[in-house]
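Remarks on the structure that follows.
Residue numbers start from 1 in every chain, and the chains themselves are labelled A, B, ... in the order their sequence lines are given, proteins ahead of strands.
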Amino acid sequence: RGYPEFVRTAQSYHGRPIFALFCGDKDAEGRSWCPDCVTAEPVVRKELHNLPDESVFIYCLVGDRAYWKDPNNEFRRSLKLTGVPTLLKYGTPQKLVEEECFKAELVRMLFTED
Amino acid sequence: GKNEYDLLVIGGGSGGLACAKEAAQFGRKVAVLDYVEPSPQGTTWGLGGTCVNVGCIPKKLMHQAALLGSALKDAQHYGWNISQPVHHTWSVMAQGVQNYVKSLNWGHRVQLQDKKVKYFNVKGSFSDPHTVRGLTKAGKETVVTADNIVIATGGRPKYPTHIAGALEYGITSDDLFWLKESPGKTLPSFILYVSLECAGFLTGIGLDTTVMMRSIPLRGFDQASHISKKKQICFTTQQQMASLVTEHMESYGTKFLKRCLPTKVEKLKSNRLQVTWKNADLNREENDSFDTVMWAVGRVPDTKTLNLEAVGVKTNSETGKIIVDATEATSVPHIYAVGDITEGRPELTPTAIAAGKLLAQRLFGQSSELMDYDNVPTTVFTPLEYGCVGLSEEAAVQCHGSDNIEVYHAYYKPLEFTVAERDATQCYVKMVCLREREQRILGLHFIGPNAGEVIQGFALGIKCGATYSQLMKTVGIHPTSAEEVTKLHITKRSGLDATVTGC
């Protein structure tokens, strides 16, 4: 959860392909403040079996709504995230943003493409 | 039908992707084959074709990098404290450009997938008029059948294989944009807009660059002779626009070896390249060493491996390009072609895209609209840009006769150049009109900053049949360089001095 922890985790897996899903924080009942994230998460999780061998999947909560709306938050600045949910292949320009994450075929393509 | 797809597009570039995506909008079953044969130096790239990967996009970005370098130099005059000289790091620029291009590759993949277009990364060749065999890099075979097939495989740079060492040691634009390290002292050869544009930005980022040319620059672009003092109008095929552009490049540090023909390229012990050439003016052999030699001697259509002969698609015997009619149809029913691969068409991204879209609309959307190739505006992105739309002076003369055309022209100075103390000798605009009555505008040529932006709007005017009289009623925006077009009044015929003085 949060940017520094994400970076630490990603660095610990240096050398392996890393896929990351960024979502808004969840409340006590486990529901995210971000409705698109609620829709996207099960779709992405269902495709996890298509991840290539040796790769790593990081699920990252970015923070609460107020933090996310700040245009200068670390995720926007350093990772260039423009929206949540974002599913990306770390270190490449390959990513899916918002409604793109609802589509199983796109998620599968991100996981399996060269 | 018995075929698997309604439409198969061979080639995932500007034309091919536009056609495929448009066809998919009509709910058709579409497949795209795209494959990049590595360059002789081993360079390869992703989906999107020449424009995205090794053409317009990286070219314009690197041109911008060079312009920013010039802007940093000008900045001092405007009060900015920037220590000179400012240095450029190739790898930082290259990484930025390459990352952007890769994001475009990915964007196309997402779009195709989203529109349910099937994508195969295979090299296609015809088995019969409705069947294409695709081979992956590993040699695995896929067979695809379709009711309609569009060939949009584009072109690749030509190598002057008759010059010893050209293939082994030289690179082309295919490789230049993907270099991870600076090309260093470079020799782009010969003259086509590609070599001028590349030489332009390479010089702009501080590299020692020499252009070798056999004869005239920019053959095919406007070349009418510039003789302002004479009373007569002369239109011999000499450089005018072309020489203004190269003059500007020369004054900013690009070296030109004119009327020189390379004979061989050898590798030195230092790993640098030695180029030997024949200097036609001095009638002697000369040589020099460079870090990089880049060939820009033309592009050839990518048809070798398509097996066109097997299905009877006719090509032009001289150029090798596919012959198409006004509907982009080839000599074989249900096989079409768009983009750089087609004979007689401009080698431009927007025309390929438009042609591809219209073709899909005619095939699947009950449209009958044909692509209009007239008055297509273009721009050469040399350091001082040259934009044009419509006829060149020679073409107008050929079409209407020199007595029936009027050419207006002016040398001007962009306001931004004044404080920066920049030389504006080559900033020039020329308009070719019919001489009679309202004087319909046949062509507009503009050399100056942001030429592409300037010409775009006027292209609409010319499309609508604008006349010189209407232009004179059009108020200019002040202060801009574009307004110089609205102020044109000196004719070549008058022989008067065409230099604009201040406002």
Atom pairs, donor to acceptor, chain B/chain A, distance under 3.5 Å:
unit_1	atom_1	unit_2	atom_2	d
W106(B)	NE1	K95(A)	O	2.7
R109(B)	NE	E113(A)	OE1	3.0
R109(B)	NH2	E113(A)	OE1	3.0
R109(B)	NH2	E113(A)	OE2	2.7
D114(B)	OD1	K103(A)	NZ	2.8
D114(B)	OD2	K103(A)	NZ	3.3

Report task. Give a yes or no on this: more than 12 heavy atoms of other residues, nucleotides or ligands lie within 6.0 Å of atom CD of E181(B). Result -> no
**Report entry** Nearest heavy-atom neighbours spanning L106(A) and V110(B)
**Finding:** CD2-O, 3.8 Å
Report task. Kindly write out the residues that satisfy ring-ring contact (aromatic ring centres under 6.0 Å, His included) with Y5(B), not counting sequence neighbours, or none if the list is empty. Result -> none
Query raised in the report: Are more than 12 heavy atoms from other residues, nucleotides or ligands located less than 6.0 Å from atom NZ of K357(B)?
Result: no
